[in-house]
Amino acid sequence: MSAKSRPTPFAMQGTNGMMNYPPLHRGWSGRIWSGVRRRVERTSVHGKEAYVELKFCPNVELIHVVRRFVSNFYERLLADADATSRLALATHELLENAVKFASDGESTIRIGVTKERGLSHVTIRTWNRSSAENIATIEKMVDEMSAAQDLFAYYQTVMRKNAKKREGSRLGLARICAEAEMAIDCQIFQDEVCIMARTQVRTESPS
Amino acid sequence: MTSLELPEVSSPHFSTQATYDGNLIRVHLAGNADLHAKDALESLLTRLHAEIQRLGASEVTVDLHDLEFMNSSCFKSFVSWISAVQDLNADKQYRIRFLSNPAMLWQRRSLHALKCFAIDLIQIEQ
């Protein structure tokens, strides 16, 4: 499967077997994809990644359906209602952004959970093609969030700055940081943008 | 009694209902406030703001008990509304009381953000 291949309108790939997914930059130290393809191994084994990946053609109707579906996924893996709620919010915001700003109407979301030493590392990634203007806006916001000392204060600033603007909320990414308590990063490759949100959830008492 | 002139929103995934008993204005939201609900919610809040001023009310209750989710676009509609209340002269400003549902965990964080945005205007109850 390639990132450029045309997805079915609502294709879902679960945790069975191995698969390729769009190119990722190893280490996430920069914002340029390396073009390296990683393989994701079978899941549910301690230390391995459980994941779900969904491909979308523009269908806003399905976003809340996906939010409920992934809520069950989070609930099952994390057994933490608060974390499930935060992650569901982040998933909805990222997916809605990807669907809204996808220039060719296609977007992909991938949610991965890796359990290690009593912690679950959760990563939500979205991929879509977008206009140069949207990509510049995303990069600017991610840079601002990275530089912010206090993400809640930054969120309040963004709320105030956009309160009177008519077009777009521009609150989604800041909301993920402040309300869902996730770190955000992005990677750009030509007109493709990958946004990644990460957090850790304590799932077992440390031994 | 002057009546409240506010349209109701009724779609499969999002609905609103507003009541006014001559004293208290109460707006109930239910369902999913997402991209589909954004325009309707924005219009509703703009109209509600005008109606509250017309009726001279000092408080409005927004019941979110049955609101399953609110996306950032709809959240921003609330931010814009609250900002418009802040822009009024002090004697024209009114308080906004949110009734939240503790089972909807997102509400605690989102309403906290709204409360911090306008601490003197917002009250949160369960």
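Note that these values count all heavy atoms, side chains included, but never hydrogens, waters or copies made by symmetry. Letters A, B, ... mirror the listed sequences (proteins, then strands); counts begin at 1.
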- Evaluate the side-chain proximity of A:R68 to B:E68: yes if any heavy-atom separation is below 4.5 Å, no if none is. yes
- Item | Rounded distance [0.5 Å steps], CG in B:L35 versus CD in A:E96 | 3.5 Å
- Query: Closest heavy-atom contact between B:S110 and A:R175?
  - Reply: OG-NH2, 2.9 Å
- Message: So A:E93 and B:F75, do their side chains get closer than 4.5 Å, heavy atoms only?
- Response: no
- Item | Residue among A:R86, A:Q156, A:K100 with most heavy-atom pairs under 4.5 Å to chain B | A:Q156
- Item | Closest contact, heavy atoms only, A:E179 versus B:A113 | OE2-CB, 4.2 Å
- Query: Is the NZ atom of B:K92 crowded by more than 12 outside heavy atoms at less than 6.0 Å?
  - Reply: no
- Ranking B:M104, B:K38, B:M70 by heavy-atom pairs under 4.5 Å to chain A gives rank one to B:M70
- Task: Give a yes or no on this: more than 12 heavy atoms of other residues, nucleotides or ligands lie within 6.0 Å of atom CD of B:E125.
- Result: yes
- Close side-chain approach of A:F152 to B:H112, heavy-atom, < 4.5 Å: yes
- Measure B:N32 against the heavy atoms of chain A and call it side chain, backbone, both or neither at under 4.5 Å. side chain
- Query: Given side chains that start at C-beta, do those of B:R109 and A:D82 come closer than 4.5 Å, heavy atoms only?
  - Reply: yes
- Decide yes or no on ring-ring contact (aromatic ring centres under 6.0 Å, His included) for A:H92 and B:F69, but give the supporting numbers first. CA-CA 10 Å; A:H92 187 109; B:F69 186 74; 4.4 Å; yes
- Item | B:C116 side chain reached by A:M159 side chain, heavy atoms, under 4.5 Å | no
- Query: Could you give the distance from CG (B:L105) to CG (A:D80), rounded to the nearest 0.5 Å?
  - Reply: 9.5 Å
- Mind checking the SG-CG spacing from B:C74 to A:L171? Nearest 0.5 Å is all I need. 11.5 Å
- Message: If you count heavy-atom pairs within less than 4.5 Å of chain A, which of B:N71, B:D87, B:I82 leads?
- Response: B:N71
- Message: Can you confirm whether B:H36 sits close enough to A:E61 that some side-chain heavy atom of one is under 4.5 Å from a side-chain heavy atom of the other?
- Response: yes
- Item | Engaged part of A:A81 at the chain B interface, taking heavy atoms whose separation is under 4.5 Å | both
- Task: Indicate yes or no for a side-chain donor-acceptor contact from B:S80 to the backbone of A:K164 under 3.5 Å, with no hydrogens or angles considered.
- Result: no
- Name the region of A:R170, side chain, backbone, both or neither, that has any atom closer than 4.5 Å to a heavy atom of chain B. neither
